[in-house]
Amino acid sequence: MMFVPGNNPGLIAEAHIYGADALMFDLEDSVKLSEKDSARFLVYQALKTINYGDIEKVVRVNPLNTPYGKADIEAMIFAGADIIRLPKSETAQDVIDVDEWITECEKRAGLEQGTIGMMAAIESGLGILNALSIATASPRLIGIAIGAEDFVTDLKTTRSTEGSELFTARSLLVFAARAAGIAVLDTVFADVNDDEGFRREVQTIKQLGFDGKSVINPRQIGPVVEIFTPTAKEIDHAERVIEALKEAEAKGLGVISLDGKMIDKPVVDRAERVLKMAEAAGVIKR
Ligand SMILES: CC(=O)SCCNC(=O)CCNC(=O)[C@H](O)C(C)(C)COP(=O)(O)OP(=O)(O)OC[C@H]1O[C@@H](n2cnc3c(N)ncnc32)[C@H](O)[C@@H]1OP(=O)(O)O
Ligand SMILES: O=C([O-])CC(=O)C(=O)O
Ligand SMILES: [Mg+2]
């Protein structure tokens, strides 16, 4: 999911050529106060006129407790956004308030209720502690995300290369998302020239269980796609697990072994997920 500053016509016009799964047009922190209205108008016009194909169109709006939040949401729904991303979510009530305003805007726009999805970004200690109630606050929520720049500021620390200050928060978010049955996305990595550090971070968050990552630059898309795409070895193993399961079923066996290792339901579920991810990445057809 690539952030695109909502006040930059050049970036907005070409953002879809780089292969991101989703574009996140930003009306919040990359837009200064004097440009809030013009950025909203610019993103509105872009969503109305540019064909972004099947790339998901997400808009990060300003919070409802600012003078811009309500107008942002209404304009983006009329413009055809797929998902509204609420920044700095701290309580379930923050999500419920936005959900209610989206419902009102859907009515005004003549859309069926529930058409517009929602994401909640969590960017403070309080938000992390409320992660489960935030993640389950609305049926519109398709995912939650961590916003690490604001989060470390709230914690009165900084971001380190190894990310120790984010470890607990990231894990709690993954737990909350899994409990709620929705997606979980990791935060941005600010140094677009540190390819090695970026790759290390993507490996780490994949291992923690995240479904993907927000990026700020087209150069960061390739490494995320590469690291999240199952390798040929992983795909081969997953296919053999599924084969072994079929054989066992045919023979009426419960637990079976493959290469000396036990194959049971969790192993089969993980193999299924590998194949789904490979299919979604376009490296296999099923
Ligand atoms: C804490 C937070 O809230 S983070 C979220 C808010 N921040 C953002 O949205 C920042 C978005 N990113 C950017 O503005 C830029 O990528 C920067 C400032 C980080 C780096 O800028 P640059 O060094 O100029 O980037 P770079 O030289 O790699 O750009 C290469 C090409 O990609 C384009 N590009 C760069 N970033 C983006 C982007 N986010 N979206 C779309 N296109 C982009 C550039 O326009 C350039 O196009 P060109 O080759 O046609 O001229
Ligand atoms: O949500 C993000 O990844 C970017 C952001 O606002 C933050 O880090 O504070
Ligand atoms: Mg932030």
Side-chain angles (χ1 to χ4, degrees), residues 1-33 35-36 39 42-43 46-47 50 52-53 55-63 65-66 68-69 72 83-90 94 118-128 131 134 143-160 163 165-166 169-170 173-174 177 183-195 197-198 201-202 204-205 208 210-224:
M1 186 176 288
M2 183 165 74
F3 270 107
V4 186
N7 59 352
N8 189 323
L11 300 196
I12 291 171
E14 299 201 335
H16 51 306
I17 66 178
Y18 301 106
D21 292 330
L23 294 173
M24 192 190 335
F25 301 96
D26 185 26
L27 302 177
E28 199 220 8
D29 280 356
S30 62
V31 176
K32 58 182 189 225
L33 290 186
E35 292 188 342
K36 291 291 185 191
L42 183 61
V43 175
L47 292 181
I50 297 171
Y52 288 104
I55 301 175
E56 207 160 34
K57 292 166 289 182
V58 183
V59 181
R60 181 168 79 168
V61 297
N62 290 286
N65 63 3
T66 67
Y68 318 106
D72 287 351
I83 290 162
I84 299 294
R85 170 151 157 157
L86 175 65
K88 302 184 176 68
S89 318
E90 294 207 296
D94 290 342
M118 233 185 121
M119 279 189 79
I122 296 179
E123 313 189 41
S124 67
L126 178 59
I128 293 293
I134 290 172
I144 50 176
I146 179 166
E149 296 297 325
D150 278 295
F151 177 71
V152 297
T153 309
D154 183 54
L155 254 54
K156 305 195 193 307
T157 180
T158 53
R159 283 182 79 172
S160 62
E165 66 291 342
L166 295 178
R170 280 174 162 155
L173 269 207
V174 175
V184 57
L185 263 84
D186 192 50
T187 186
V188 299
F189 185 86
D191 186 352
V192 294
N193 294 318
D194 180 4
D195 186 49
F198 180 67
E201 181 161 285
V202 179
T204 302
I205 60 104
L208 285 176
F210 280 86
D211 296 303
K213 191 163 174 70
S214 300
V215 300
I216 52 166
N217 186 278
R219 279 181 278 150
Q220 295 179 324
I221 296 171
V224 179

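Indexing begins at 1, ligand by ligand and atom by atom, following the structure's order.
With respect to the salt-bridge test (charged N to carboxylate O, under 4.0 angstrom), the residues Glu28 and Lys36 do not qualify.
Atom 9 (O) of ligand 1 has its closest protein heavy atom at Phe3 CB, 3.4 Å. Protein heavy atom nearest atom 33 (C) of ligand 1, with residue, atom name and distance: Tyr18 OH, 3.6 Å. Asn217 ND2, 4.5 Å is the protein heavy atom nearest to atom 17 (C) of ligand 1. Here the heavy atom of the protein found nearest to atom 50 (O) of ligand 1 is Glu14 OE1, 3.9 Å. Taking atom 40 (N) of ligand 1 as the reference point, the nearest protein heavy-atom neighbour is Met2 CE, 3.5 Å. The single protein non-hydrogen atom nearest to atom 7 (N) of ligand 1 is Ser30 CB, 3.9 Å, given as residue, atom name and distance. Annotation: atom 34 (N) of ligand 1 to nearest protein heavy atom, Pro218 CD, 3.5 Å. If you check which protein heavy atom lies closest to atom 45 (O) of ligand 1, you get Leu11 CD2, 2.8 Å.
Residues passing the side chain to side chain donor-acceptor pair (under 3.5 Å) test with Glu35 are Asn7, sequence neighbours excluded. Shown here are the side chain to side chain donor-acceptor pair (under 3.5 Å) partners of Asp211, two or more places apart in sequence or in another chain: Arg178.
Protein non-hydrogen atoms do reach within 4.0 Å of atom 28 (O) of ligand 1. For atom 37 (C) of ligand 1, a protein heavy-atom neighbour is present inside the 4.0 Å cut-off. The nearest protein heavy atom to atom 24 (O) of ligand 1 is not closer than 4.0 Å. Closer than 4.0 Å to atom 48 (P) of ligand 1 lies none of the heavy atoms of the protein. The presence of a protein heavy atom under 4.0 Å from atom 3 (O) of ligand 1 is confirmed.
Per-residue contacts place Glu149 under 4.0 angstrom from the following atoms of ligand 1 (heavy atoms of the residue considered): 1 (C).
At a threshold of 4.5 Å between non-hydrogen side-chain atoms, the residues Val58 and Met1 count as touching. When side chains are defined from C-beta on, Phe3 counts as touching Ser214, because their heavy atoms get closer than 4.5 Å. Put simply, the side chain of Asp29 does not reach to within 4.5 Å of the side chain of Pro87, judged on heavy atoms. Using a 4.5 Å cut-off on side-chain heavy atoms (C-beta onward), Lys213 and Val202 make contact. At least one side-chain heavy atom of Lys88 sits under 4.5 Å from a side-chain heavy atom of Asp150. With contacts defined as side-chain heavy-atom distances shorter than 4.5 Å, the pair Lys57/Leu47 qualifies.
The shortest N or O to N or O distance between Val4 and ligand 1 is not below 3.5 Å. The N/O atoms of Val192, backbone and side chain alike, include none that comes under 3.5 Å of an N/O atom in ligand 1. Distances between N or O atoms of Arg219 and those of ligand 1 include at least one value under 3.5 Å.
Residue Val43 comes nearest to Phe25 through the heavy atom pair CG1-CB, 3.8 Å, listed as atom of the first residue, atom of the second, then distance.
Looking only at atom types and distance, the side chain of Glu149 has no donor-acceptor partner in the side chain of Thr187 under 3.5 Å away. Between the side chains of Glu90 and Ser124, at least one donor N or O sits under 3.5 Å from an acceptor N or O.
Protein contacts to the Mg ion (ligand 3) involving N, O or S atoms at a distance below 2.8 Å are Glu123 OE1, Asp150 OD2.
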* Would Met2 and Ile221 satisfy side-chain contact (heavy atoms from CB on, under 4.5 Å), going step by step from the backbone distance to the final call? -> CA-CA 8 Å; Met2 183 165 74; Ile221 296 171; 3.9 Å; yes
* **Test side-chain contact (heavy atoms from CB on, under 4.5 Å) applied to Val59 and Asp72, step by step** => CA-CA 9 Å; Val59 181; Asp72 287 351; over 6 Å; no
* What do the steps show when you test Asn62 against Thr66 for side-chain hydrogen bond (donor to acceptor under 3.5 Å, both in side chains), and what is the final call? -> CA-CA 7 Å; Asn62 290 286; Thr66 67; 5.0 Å; no
* Do Leu23 and Val4 pass the side-chain contact (heavy atoms from CB on, under 4.5 Å) test, and can you show the C-alpha distance, the side-chain angles, and the key distance before you say yes or no? -> CA-CA 7 Å; Leu23 294 173; Val4 186; 4.1 Å; yes
* **Evaluation steps, side-chain contact (heavy atoms from CB on, under 4.5 Å), between Arg219 and Tyr18** => CA-CA 9 Å; Arg219 279 181 278 150; Tyr18 301 106; over 6 Å; no
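Taking a 6.0 Å sphere around CG of Asp21, one finds it holds 12 or fewer heavy atoms contributed by other residues, nucleotides or ligands.
Ligand 1 has at least one atom lying under 4.0 Å from a heavy atom of Arg60. Residue contact check for ligand 1: Pro5 places a non-hydrogen atom closer than 4.0 Å to it.
Closer than 4.0 angstrom to ligand 2 lie heavy atoms from Phe3, Arg60, Arg85, Glu123, Ile146, Gly147, Ala148, Glu149, Asp150, Thr187, Val188.
With atom 11 (C) of ligand 1 as the reference point, the heavy atom nearest to it among Asn193, Ile12, Ile216 is part of Ile216.
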